[in-house]
Amino acid sequence: MTGKDNFDFIVAGSGAAGLVGAIAARRCGLRPLIVEKSGQWGGTTAISGGVLWVPQNDLMKSEGAQDSSEAAHSYLRALIGQEADAHAIAKAEAFLQHAPQMARMLAQEGVRWIRTKDHPDYYPEMPGSSIGRTIESAPFDGRRLGERFKTMRLADLDLPAINSGQYGTLTRARTSPGLFLAAARVMLGHKIRTWLGAKPLGNGRALVAALMKIAMEQEIPIRLSTRLVELICEQGAVTGVVVDSGGKRERLNAAAGVLLAAGGFARNAGLRASLQGRTQFWTNAIPEDEGDAFTLGTAIGAGRELTEGCWWMPSIQTGPDQNGLALGLRALPGSIIVDASAKRYMNEARSYMATGKIMYEHGAANERHWLIMDGRFLKRYMFAELSQKSIRDQMLENGFLHRAETLSALAVKCGIDPAILQNTIDRFNGFARHGVDEDFRRGQTAYDCYWADPNHRPNPSLGEIRTPPFWAAVVRPGDLGTNGGLKTDHHGCVLGTDERPIAGLYAAGNASGSPFRHTYPGAGATIAAAATFGYCAAMHAAGCGSNRQA
């Protein structure tokens, strides 16, 4: 069970955390190897929006956008809370220090960043919040990867290479001739580029492709369908791993260390039950997100942190094991969410992290809550799932969607009180007419309005529900994955149950505890944290002090 190797730093996982960790390690003179248990590389990052929340990033500086270290620190300190201990504060401050360095390093290696200039932070009411801290990879042509492209997760997905700022425009394409033409140009451009032989990639696929291109140029090897099954410890330090590929086990030495970047435990029902007390969950994580890193780390004495948490994402249920993300569905005018008693209980347009948590605490995991919409809403706006008749029919057949000509009939189908639903809708419609949500203040922050309709008056997020047919979709407290795991310090070193670093063992991304604790600062915070601590771990393993300056 031994094997020869020419590497000294083993990286488990090929999402943003793993790829960035391997790239940083190679720049520092280490010889990294990436092992990926799936037959596809890219991890959860590949199926994501692919954006990174990086305060004080270089694009902000070059474009003259206002941000400051003081503002970023104030914002993050307010989010992690006054009860945060020195450990939590150190991790948050390490993120703020190293995230811009990480992004700069990748730019030096060839990633072409673009900035979402109008995306607000997720808690705009907090001190130090800002707009435009989110960056993402520019569209990428998959042909540049050669044969490696064929094994990328979602390589066969045929979607336009749009950036995150275009989602809202496409959703509202039916609302004006100008937006319709803009959407048509996007679709036509995609068809032409594909016809000419290009493989246009956007969002998460563009990001992982850009990172993989760097890894290929640095000649970093990757082994697919190779699962990490054991951490080798000698005299209290991790010095290697055992991997399994096709039933054949092999020991690999890791003189500089091992980086666990293999995701969280979103798909592990046993860990969900024991660590979170949840027997029901609706996750959008990839199938391989089974807690491998957590299990291997704790087996050798690693501590854990924040394991009760997840990255909340309200989701409509499209099938028994299928979910659709509810972003614009909650914020655009013409929809509300009600509980099993037919009452509203929150500002539906808040960030998905805040909304999902409120839903869970309000009992949405144990009873059906409903997204109520009218006919005008579904005709006016376009959505990935509900705008497709085949998916609507599937949802109707499974009881996850109901349609009726009256609100009373809709309530009966949902099993909720018709009179209470009518009163809820009447009250909300009054708010919509006057432009002020007197109950939950929906539409009064920059974030509420980001996914809304800027041309709708008087409030871009409030619209009357009055045009039949009326629709109700089951909405769940879904998630994008877990955000707690192995306990790590500000270098990305895994800490033992005795709070001391386990020499040679690092973790980043959802394999570790989030530097943001139970909050989600802004668009791309998950990927930014994963990439930043993958970078920090590699730098620490190599003994490098700081990023090379541009």
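Side-chain atoms are counted along with the backbone in the values below, which use heavy atoms only and exclude waters and symmetry mates.
- A donor-acceptor contact closer than 3.5 angstrom links the side chains of Gln108 and Arg27.
- Rounding to the nearest 0.5 Å gives a distance of 8.5 Å between CE of Met353 and CH2 of Trp312.
- Using modelled atom types, one finds a donor on one side chain and an acceptor on the other under 3.5 Å when comparing Asp158 with His190.
- A donor and an acceptor atom, one from each side chain of Asp121 and Ser130, are nowhere located under 3.5 Å apart.
- A search for salt bridge (charged side-chain N to carboxylate O under 4.0 Å, His left out) contacts involving Asp448 returns nothing, not counting sequence neighbours.
- The residues Arg153 and Glu288 are annotated as salt-bridged, a charged nitrogen and a carboxylate oxygen being separated by less than 4.0 angstrom.
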Could you walk me through whether Glu250 and Arg223 pass the salt bridge (Lys or Arg N to Asp or Glu O under 4.0 Å) check?
CA-CA 12 Å; Glu250 180 182 7; Arg223 295 188 186 181; 2.9 Å; yes
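- Side-chain contact of Glu70 with His73: a donor-acceptor pair under 3.5 Å is absent, judged by distance alone.
- In summary, the aromatic rings of Phe516 and Phe95 are positioned with their centroids under 6.0 Å apart.
- With 3.5 Å as the limit, one finds a donor-acceptor pair spanning the side chains of Tyr352 and Tyr122.
- Side-chain polar atoms of Thr151 and Gln40 form no donor-acceptor pair below 3.5 angstrom.
- Taken from SG in Cys536 to NE2 in His491, the straight-line distance is 8.5 Å, to the nearest 0.5 Å.
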The test is side-chain contact (heavy atoms from CB on, under 4.5 Å); show your working for Phe294 and Arg304 and say whether it passes.
CA-CA 8 Å; Phe294 182 84; Arg304 68 189 193 200; 3.8 Å; yes
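- For residues 34-53, every residue pair satisfying the salt bridge (Lys or Arg N to Asp or Glu O under 4.0 Å) rule, not counting sequence neighbours, is listed here: Lys37-Glu290, Lys37-Asp292.
- For Lys61, the NZ atom is densely surrounded, since the number of other residues' heavy atoms within 6.0 Å is greater than 12.
- Under the side-chain hydrogen bond (donor to acceptor under 3.5 Å, both in side chains) rule, Trp311 has a single partner from Thr482, Asp479, Asn510, which is Asn510.
- Between the side chains of Gln97 and His490, no donor N or O sits under 3.5 Å from an acceptor N or O.
- Between the side chain of Asn57 and the backbone N or O of Val54, at least one donor-acceptor pair lies under 3.5 Å.
- Partners of Glu499 according to the salt bridge (charged side-chain N to carboxylate O under 4.0 Å, His left out) rule, which considers only residues two or more places apart in sequence or in another chain, are Lys487.
- Ser225 and Ser245 share no donor-acceptor pair across their side chains, judged by distance under 3.5 Å alone.
- Between the side chains of His98 and Tyr535, no donor-acceptor pair of N or O atoms lies under 3.5 Å.
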